[in-house]
Structure formats: structure tokens, C-alpha cells
Amino acid sequence: MINTTSSGRSKKGWHYWIVVLMAVAMLAGCSNQTTDSGTDGSEVKPMAIKMFAGLYNEIPDMNNDYWKEWERLTNVKLDVEWVPSGDLDTKLDLLLASGDLPEVVAYQNPIRPTLISAIQNGAFWDLTPFLGDFSEYPNLKNNLAPDALRYLSVEGSVYAVPRSRSRIDAGLKIREDWLKQLDIAIPTDFDEYKEALKKIVDADLDGNGKKDTVGLLYINNPPAAFQAGFGVYNPTYTEDGGLMSPSLTPQYVELVEWLRGLYADGLMSKEYAVMKESQAEELFKTNRAASYGRPIWWDHEWEQAMKKSGQPDAKILNLTLKGPHGDDAVGLETGVAGGFYISKKVPEEKVKQLLQYFDQTASEEMTDFAYYGIKDIHYTEQEGQKVLTEQGVKEVNTTSKGAGVLAYAKWGKVISASGDKAFNDAKIKEVENYDEIGKIDHYRVITSEGWRSTWPKYSEEYASMMTKAIVGQIPMEDFKAYVERLNSQPDIQEAYRQMAEAYKQFNEE
């Protein structure tokens with residue numbers, strides 16, 4: 001301890017400073033246990049990061065092997081508020097309304113009206129001047145999906161770095177083993193698909209003696225494959241050149257009518273409108289449903305669950321259907337599942353440090369770690385393929401990828417980390433043409449002031465009317481008339497004109 005008494009201060013100056021320097025050296029020595037070395041040999045204390053992010057699995061133990069290694073590799077200390085994915089929108093809105101933002105907000109929908117409004121009101125840093133020519137951020141420059149930062153721009157400025165995910169993501173799954181068991185040919189269009197569901201539902205393939213197998217499972221909006229297949233993702237314009245909302249197009253009305261027929265034939269759960277994603281997933285994994293539109297990379301894990309639930313031959317196939325007008329039923333993502341937004345409360349110097357952290361997480365090395373973890377703990381090598389161990393399956397999952405940008409990986413949402421090489425090679429072959437034939441929902445990548453201020457006035461009523469049409473509570477003619485009435489509203493027509501201009505600008509950039 002440094003002597004601060006009057007007698008201590010009366011010692012010769014040179015003696016006093018030697019004592020001070022020795023004490024500093026001792027403190028530095030003690031700090032070696034909690035810091036990493038800097039490039040100049042000095043010790044760099046881990047950067048603390050407070051973050052809001054989505055939870056897609058069980059709440060992680062941030063002291064487990066995976067997260068301890070992530071923090072060691074990046075020299076950070078994470079303090080994450082993990083929010084269940086189904087609650088993200090509500091929680092984000094509350095967070096933005098409070099103004100009490102953490103340092104980083106990770107969120108999946110870059111055009112959510114409340115988020116755009118917060119950006120316009122100065123809640124988050126404009127990252128454009130920080131990023132510059134990307135010379136300080138080589139991984140962000142070279143390892144992102146095409147046009148990644150365009151999807152995270154507002155009024156020409158970049159406000160986030162991306163959560164990189166594969167463009168090929170969701171597949172329309174069906175139980176291939178059940179098709180074979182009933183001698184049903186693999187469906188190639190929507191009529192054949194519907195007939196296959198009918199035969200499966202009537203066959204009691206779960207063996208419980210009841211006609212309770214669900215044909216199609218989906219939550220909230222119809223699967224992207226259905227929307228793409230019915231031409232919903234084809235830009236559709238009004239007579240005066242406005243770009244229509246996909247959900248208010250004639251194609252979408254046709255899709256609703258088709259789903260109405262599916263529901264009337266008993267091929268959807270009666271509770272589909274109030275079902276949670278976790279409930280639907282459980283039905284599918286326990287052999288009580290035939291078809292489900294969800295990410296492809298879960299196929300191996302779900303097949304294993306099906307086998308443990310009494311069906312050892314369980315096998316999932318992702319269908320490639322043709323729609324009623326020749327459209328391919330494949331929906332794509334943008335390669336950008338939202339982004340990481342930095343609160344304006346963060347000092348400029350720390351913004352730069354955070355961007356350095358995000359650049360590191362966009363490296364191939366950190367991406368490989370995010371998908372597989374630590375060798376011999378989270379994965380082993382089998383025939384040149386990394387395969388997750390039991391601990392790996394538990395700790396390396398969707399949630400564990402939520403704290404970093406990651407490099408873009410074409411097959412990232414196709415390959416199962418728990419599947420062997422043969423399984424993954426077959427899965428890639430199953431969907432190898434998706435990137436070429438699939439389509440993106442254009443209303444998920446553009447926005448306008450008119451649309452943001454207008455659609456919330458109608459969205460809840462629209463969702464209710466659509467559900468009523470599907471379950472048969474109102475005649476289909478009433479739903480069609482309702483959609484026509486919405487499309488004739490002056491505010492919606494003006495919003496369409498603005499969206500047409502936004503779409504034009506997006507494609508010209």
C-alpha cells in the first residue's frame with residue numbers, strides 16, 4: 001500500500017515515485033487474469049457490451065464453454081437481454097418508447113415503423129461516416145451478402161451492421177417417409193400437395209386410432225413458399241403506378257381462398273390462428289403433422305426427435321412446387337436478418353470499438369466458431385465434416401449466433417451442424433436451385449413515410465378479416481370486397497405511390 005501519511009510524503013521525491021511505480025506494476029500483474037494482450041504487448045481489458053437480442057432457444061448460460069470462448073476470442077464481456085422471438089416486436093416498441101436503450105439493439109426487421117421513427121429521431125448512430133471506405137473493416141467489406149448494407153439504410157445512410165444469414169432459409173417441409181408409406185408421388189404443384197395432405201390426414205399415421213393428424217402447420221402469415229408460389233412476391237402495380245402491398249394483391253386473395261379450402265377440408269389445425277410457434281414445432285417433431293414451413297437447417301434435429309417419438313424411418317423433404325400460374329414456390333431471405341444498431345448514447349470512441357468487434361465477428365474464423373464451437377467439446381470431425389456433439393447441440397444454436405455479424409454463408413441455413421456429411425450433401429442437393437428460382441418479398445426491403453403511417457391503421461383489422469375468411473366465418477366475397485375497399489382508400493393509394501418511388505430508388509442505387 002502507498003503511504004499517504006505526512007511522514008510518508010516527507011520522504012525524498014525519488015523514493016516516493018519508485019514506490020508508486022512498483023504499486024502500479026503490481027496492479028498490472030494482477031490484471032493479467034482478466035485481460036488479453038494488445039498488439040503492442042500491453043494488456044487490453046475486455047470491452048463490456050450491453051445488448052438487446054432475440055432468443056430462439058432456451059436462455060443460454062453465458063458462462064458455458066461456448067460463450068466463454070466467444071468472449072475470449074473477441075475480448076468482450078457480454079451483458080445480453082435475451083428476448084423470446086415471439087415477444088421481440090412488443091419488447092422493442094416498449095424499449096424505444098422508454099428511450100432507455102442498451103448500447104446495442106439487435107433486431108430482425110429493419111423496416112419496422114417504430115424502429116424507423118426512432119432512427120429518424122436520433123436514437124441510433126449513423127454509421128456511414130464511421131465505416132467510410134471500409135479500409136478499417138475488411139470483413140464487413142468483403143464477407144457480407146450482396147447489397148447487405150442497402151437493406152439497413154434509411155434515407156441513404158447506414159444505421160446498422162447486418163445479422164448475416166443465408167438467402168436460402170425456409171423450406172416447405174413434408175414427411176417423405178409418409179409419402180412412401182402411402183405410395184404417394186412427391187407433389188410438384190399445389191393440387192398434388194393438397195391431395196397428398198388429404199391422404200396423410202385420413203391414414204392415421206401416428207397410430208393413435210384418431211383422425212387428428214394435422215396436414216399443414218403455419219403461424220401468423222402463410223409460408224413464404226406459398227406466397228412466392230401464388231405470385232404474391234411479383235411486384236404488382238395499380239392503374240396509376242402505385243406499388244401494391246403484397247397482402248392486398250389479387251394473388252394474395254387467391255391464396256387466402258386456397259387456404260380456406262384447405263381449412264374446410266380439415267387439413268389445418270382448428271387452432272392455427274392462436275397457436276404459438278413452439279406448439280407447432282412440438283406437433284411436427286412428435287409425428288402429429290405432415291407439413292410445415294420452417295428453416296431447412298432444423299431438418300436433422302427434427303428427424304431425430306421424430307425417431308425418438310416412435311417413428312424410426314422419419315424423413316423430412318423440402319418441396320419445390322409450381323404455383324397455379326407457373327411461379328416457383330420458393331421464398332428467399334435477403335441475406336440480412338436485420339442488424340445491430342448502436343445507441344446514440346454510446347460515445348464516439350466506443351462506437352469505433354464496437355464496429356471493430358462486429359468486423360471481427362464477420363470473419364470466417366468467428367463464423368466457423370459460431371456454427372460449430374470448440375473442437376472436441378462442441379464438435380468432432382467425421383469424414384471431413386464437423387458434427388456437433390451432445391454438448392454442441394445444446395450450446396451451439398440459433399441464439400448463439402445472435403451476438404455477431406457473421407460472414408455470409410450460402411448454405412448456412414441449410415447445413416445441419418448435427419448431421420453428417422452424407423446428410424448435408426443430400427440436403428444441399430435437395431435445395432440447390434433455390435437461390436436461382438426463389439423470390440424475395442419486396443415490401444420487406446423498402447419502406448416509405450406514407451406506408452409506415454398508413455398501414456398500422458388497418459393491419460389488425462386486416463389480419464382479423466383474413467383469418468375469418470380462411471376459417472369460413474365470413475364469405476369469401478366479403479373478404480374480396482374488404483380488400484377492394486382498402487385499396488381504394490386515398491391514404492393507401494398515396495402510400496402505394498410512395499412505395500413505387502422507394503422501390504425504383506432501391507433498384508437504382
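Count residues from 1 along the sequence.
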Donor-acceptor check, side chain of [X] to backbone of [Y], threshold 3.5 angstrom: yes or no?
X      : Y      : result
Thr361 : Val405 : yes
Ser164 : Ala407 : no
Glu430 : Asn318 : yes
Thr249 : Tyr252 : yes

Taking NZ, NE, NH1 and NH2 as the nitrogens, is one of them in [X] or [Y] under 4.0 Å from a carboxylate oxygen of the other?
X      : Y      : answer
Asp169 : Lys413 : yes
Arg294 : Glu277 : yes
Lys427 : Asp299 : yes
Arg260 : Glu257 : no
Glu449 : Arg452 : yes
Asp327 : Lys439 : yes
Lys180 : Asp313 : no
Arg288 : Asp212 : no

Hey, are [Y] and [X] close enough side-chain-wise for a donor-acceptor pair under 3.5 Å?
X      : Y      : result
Asp61  : Tyr66  : no
Tyr193 : Ser291 : yes
Arg175 : Asn287 : yes
Glu254 : His325 : yes
Gln251 : Thr236 : yes
Gln279 : Glu271 : no
Gln493 : Gln489 : no

Has Lys91 got its NZ or CZ under 6.0 Å from the middle of the six-membered ring of Phe52, at an angle within 45 degrees of the ring axis?
no
Sorted by chain and residue number, the salt bridge (Lys or Arg N to Asp or Glu O under 4.0 Å) partners of Asp93 (sequence neighbours excluded) come out as Arg112
Residues at least two apart in sequence or cross-chain that pass salt bridge (Lys or Arg N to Asp or Glu O under 4.0 Å) with Glu281, listed by chain then number, are Lys285
Any pair counted as ring-ring contact (aromatic ring centres under 6.0 Å, His included), so long as it reaches residues 163-190, sequence neighbours left out =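 Sorted result for residues 163-190: Phe190-Phe226, Phe190-Phe230, Phe190-Trp258.
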Those residues at least two apart in sequence (or on a different chain) that pass side chain to side chain donor-acceptor pair (under 3.5 Å) with Arg167 are Asp435
ask   = Taking only residues two or more places apart in sequence, or in another chain, which ones meet Asp328 in a side chain to side chain donor-acceptor pair (under 3.5 Å)?
value =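 Checked Asp328 against side chain to side chain donor-acceptor pair (under 3.5 Å); matches are Lys322.
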key: Residue pair Val158, Trp125: steps toward the side chain to side chain contact (heavy atoms under 4.5 Å, CB included) verdict   = CA-CA 9 Å; Val158 177; Trp125 278 102; over 6 Å; no
Checklist entry - Do the rings of Tyr379 and Tyr372 sit parallel, tilted or perpendicular, given the 30° and 60° boundaries? => result perpendicular
key: Pair Tyr107 and Tyr341, ring centroids less than 6.0 Å apart   =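 They do not qualify: ring centres at least 6.0 Å apart.
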For Lys307, does the NZ atom sit with more than 12 other heavy atoms under 6.0 Å from it, leaving out its own atoms?
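Atom NZ in Lys307 is packed in, count exceeds 12.
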If a pair satisfies side chain to side chain donor-acceptor pair (under 3.5 Å) and one of its residues is in residues 464-483, list it, with sequence neighbours excluded.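 Of all non-adjacent pairs touching residues 464-483, those that pass side chain to side chain donor-acceptor pair (under 3.5 Å) are Glu461-Tyr482.
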- Task: Report the C-alpha separation of Tyr218 and Tyr292 in whole Å, then their side-chain angles, then the decisive distance to 0.1 Å, and conclude whether the ring-ring contact (aromatic ring centres under 6.0 Å, His included) test is met.
- Result: CA-CA 6 Å; Tyr218 78 84; Tyr292 192 18; 9.6 Å; no
